[in-house]
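To keep things clear, I will list the structure first and then write my remarks on it.
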Amino acid sequence: MVIAMKKERDLTQGPIIKELMLFFLPIAAGSIFQQLYSAVDALVVSRYVGTAALAAVGGSAARVIDFLIGFCVALSNGAAVVISQHYGAKRYDDVKRSIHTSYLFCLLLGIFLTAIVLLFTPQLLTLLRTPKDTFSDAALYLRIVFGGAVFTLIYNMGASSLRALGNSRFPFFCLAFTCILNSVLDIAFVAGLGMGVYGAAIATVFSQLISAILVTIALMKSDEAVRFSIKDLKIHKLILSRMMKIGVPAGLQSAMYSISNIILQVGINLLGTVVIASWSMSGKIDGIFWVVSGAFSAAVCTFVGQNYGADRMDRVRESVKKGFLVFAGMTVVICTILLLIARPVLGIFTTDSAVLECTRYIIFFFVPTYPLWIIIDMLSGALRGLGDTLVPTIITGIAICGFRILWVFTVYQAFPTLFVICLCYPLSWLLGDLGIIPHYLKRVKKITELSK
C-alpha cells in the first residue's frame, strides 16, 4: 500500500457546512469499515461455527474489549483536542510535543492493559456470568484480541492525531485496506482452515497490526512542522497533564457507558444464549448508526477545537447549529434504511429462526429511538473541543450510566424481560439530553463573553 499523505486541513476558514462535511465523510466511511471488523467476525463465525460461538465473540468478551479499548480511545481523543487547539493557534512545536507524548503514553498503556486482561480473563468472564457453553471460546477470543490491543491503541491515537491536524482521509484509506484484509483472513482461517473463534481473533489482531504500522508511517510523512519521529518519543509532563485533564474525564465517561453496558450484559446473559447472540447480532446491523454518530461527534470535536484555538467562537456556535441540522437529517435517513433492510440482512448472518426473531424485535425497538441520542453525542463532541469534559462526564454518569445501573437492580429484578432491558436505553438518553443542553448553552455563553 502506497502512503500518499494529504496536507493538513485548516478548519478555521471556509464555508462551515462544506468544511465540516468534507472532514466528516472520511471519518464516517472509515468508522463504517472499522465496524465491519466485528461484523465480518460475527458473520463468518455464525455461518461456519455456530450460535454458541457467535455469542462467545459478541457477548461478554465484546463487553470487556469495548470497556478497556473505549477508555483508552477516549484518552487518545483527549490528546486530539489538545493537538487541534495547538494547530488552530499555529503553535506547531506544541503540536509535535503533543503527538509524541500521546503516542508513547498509548504504547505504554496498551502493554499494561494487555497484561492485566491476559492475567484476569477467567475472573472477568465469571464476573459477567458468561454461560458455560460460550465460556471457553469467549476466553480464547478475549485473550488473543487483547494480545494485540496495543496495535488498536496506536492506530486510534495516530488516527486521532491526523484528524486533529485536519487530515481525515488517510485514516479512512487505512481502515478500508485493513478491513478488506481482515475479511479475507477471516474467510481463510475460519471457513477455509476451520480454525473457529481462534482464526477470527488472529485475523483481527493481524489486521490491527497493519493499521498501526500504516498510521505511524503516515505521521512520519506529515508536514515537517508537525512530523512524527520515533527518536523524538518523549512524555512532556505539562502536555500530558493537559491531555489527562481532558482525556481522563472523557475516558471515565466512556468507561461508565461500558460499565453500565457490562451490567446490562449480565442481565442479558441470564436470558440465555439465543438472546445473547441476538443482542450481538443487532449491534452488527444497527452499528452503522453508532459509527456515523461517533464520526460526526469526532468531526465536530476537531472542528470546534481548531476554531476555539484560533479564537473563532462565531464559527464554533455556527458549526454546532448547522452540524446538528445535518446530523438530524442523516439520522432520519439512516434509521429509515435500517428498518427497511433489517429483515433481509439478518438472513445473511444466521439461519437460526429463534435468533432471527429475537434480533428483529431488538432492532425494531431501538432504531426509532436513536434521535434521542444524537443531542448527547453532538454536544459532547463540541464540549470536548472546547476542553470541557468534566461536567459532561458527571451528567452522563448520573443521567445515563447511573440510571441504567439503578434500572437493572430495581425494575429489571421485578420484571426480568428483554423489553425491560431495552427500555432503559431511550429513557437514559432522554435524561442525558435534559442535562447536557443547558450546560452547553451556559458554557458557550461564558466563553463568548470572556473572549470579547
Would you indicate whether the side-chain heavy atoms of [Y] and [X] approach each other to under 4.5 Å?
| X | Y | value |
| --- | --- | --- |
| V408 | C424 | no |
| Y370 | I334 | no |
| K445 | K442 | no |
| T359 | W279 | no |
| F151 | I210 | no |
| D388 | V391 | yes |
| I213 | Y155 | no |
| I395 | H439 | yes |

Can you tell me if [X] and [Y] form a side-chain donor-acceptor pair at under 3.5 Å?
| X | Y | answer |
| --- | --- | --- |
| R315 | N307 | yes |
| S98 | R242 | no |
| H86 | R91 | yes |
| Y103 | S161 | no |

Between L185 and I202, does the side-chain contact (heavy atoms from CB on, under 4.5 Å) criterion hold? Intermediate values first, please. CA-CA 9 Å; L185 293 178; I202 290 294; over 6 Å; no

Just do the side-chain contact (heavy atoms from CB on, under 4.5 Å) check on I398 and I394 with the steps written out, would you? CA-CA 6 Å; I398 296 173; I394 294 172; 3.9 Å; yes

[X] atom [atom1], neighbour heavy-atom count above 12 within 6.0 Å:
| X | atom1 | value |
| --- | --- | --- |
| L238 | CG | no |
| I230 | CD1 | no |
| F112 | CZ | no |

Exam field: side chain [X] to backbone [Y], donor-acceptor pair closer than 3.5 Å:
| X | Y | value |
| --- | --- | --- |
| T114 | F146 | yes |
| S241 | K237 | no |
| S297 | D377 | yes |
| N156 | T152 | yes |
| S211 | Q208 | yes |
| Y440 | L383 | no |
| H100 | S229 | yes |
| T178 | C174 | yes |
| T101 | K234 | yes |

Decide yes or no on side-chain contact (heavy atoms from CB on, under 4.5 Å) for F303 and I16, but give the supporting numbers first. CA-CA 9 Å; F303 198 97; I16 289 176; 4.1 Å; yes

Considering non-hydrogen atoms only, spot the tightest contact between [X] and [Y] and give its length.
| X | Y | value |
| --- | --- | --- |
| Y308 | G385 | CD2-O, 3.9 Å |
| M378 | F327 | SD-CD2, 4.1 Å |
| T121 | L142 | CG2-CD2, 3.9 Å |
| S319 | V304 | OG-CG2, 3.9 Å |
| L20 | G323 | CD2-CA, 3.9 Å |
| A328 | I374 | CA-CD1, 3.7 Å |

Approximate separation, where rounding is to 0.5 Å, of [X] [atom1] and [Y] [atom2]:
| X | Y | atom1 | atom2 | answer |
| --- | --- | --- | --- | --- |
| M313 | L386 | CE | CG | 5.5 Å |
| F296 | M21 | CZ | CE | 6.0 Å |
| M330 | L325 | CE | CG | 12.5 Å |
| I421 | I268 | CD1 | CD1 | 5.5 Å |
| I376 | I437 | CD1 | CD1 | 9.0 Å |
| F228 | S102 | CZ | OG | 8.5 Å |

Run the salt-bridge test on D94 and R97 with the 4.0 Å N-O cut-off and return the result as yes or no. yes

Please state whether the rings of W429 and F366 are parallel, tilted or perpendicular, taking 30° and 60° as the class boundaries. tilted

Measure centre to centre between the rings of Y425 and W373, then say whether the value is under 6.0 Å.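 Centroid separation for Y425 and W373: 6.0 Å or greater.
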
Go through the steps to decide whether D314 and R317 satisfy the test side-chain contact (heavy atoms from CB on, under 4.5 Å), and finish with yes or no. CA-CA 5 Å; D314 56 324; R317 293 191 300 272; 4.1 Å; yes

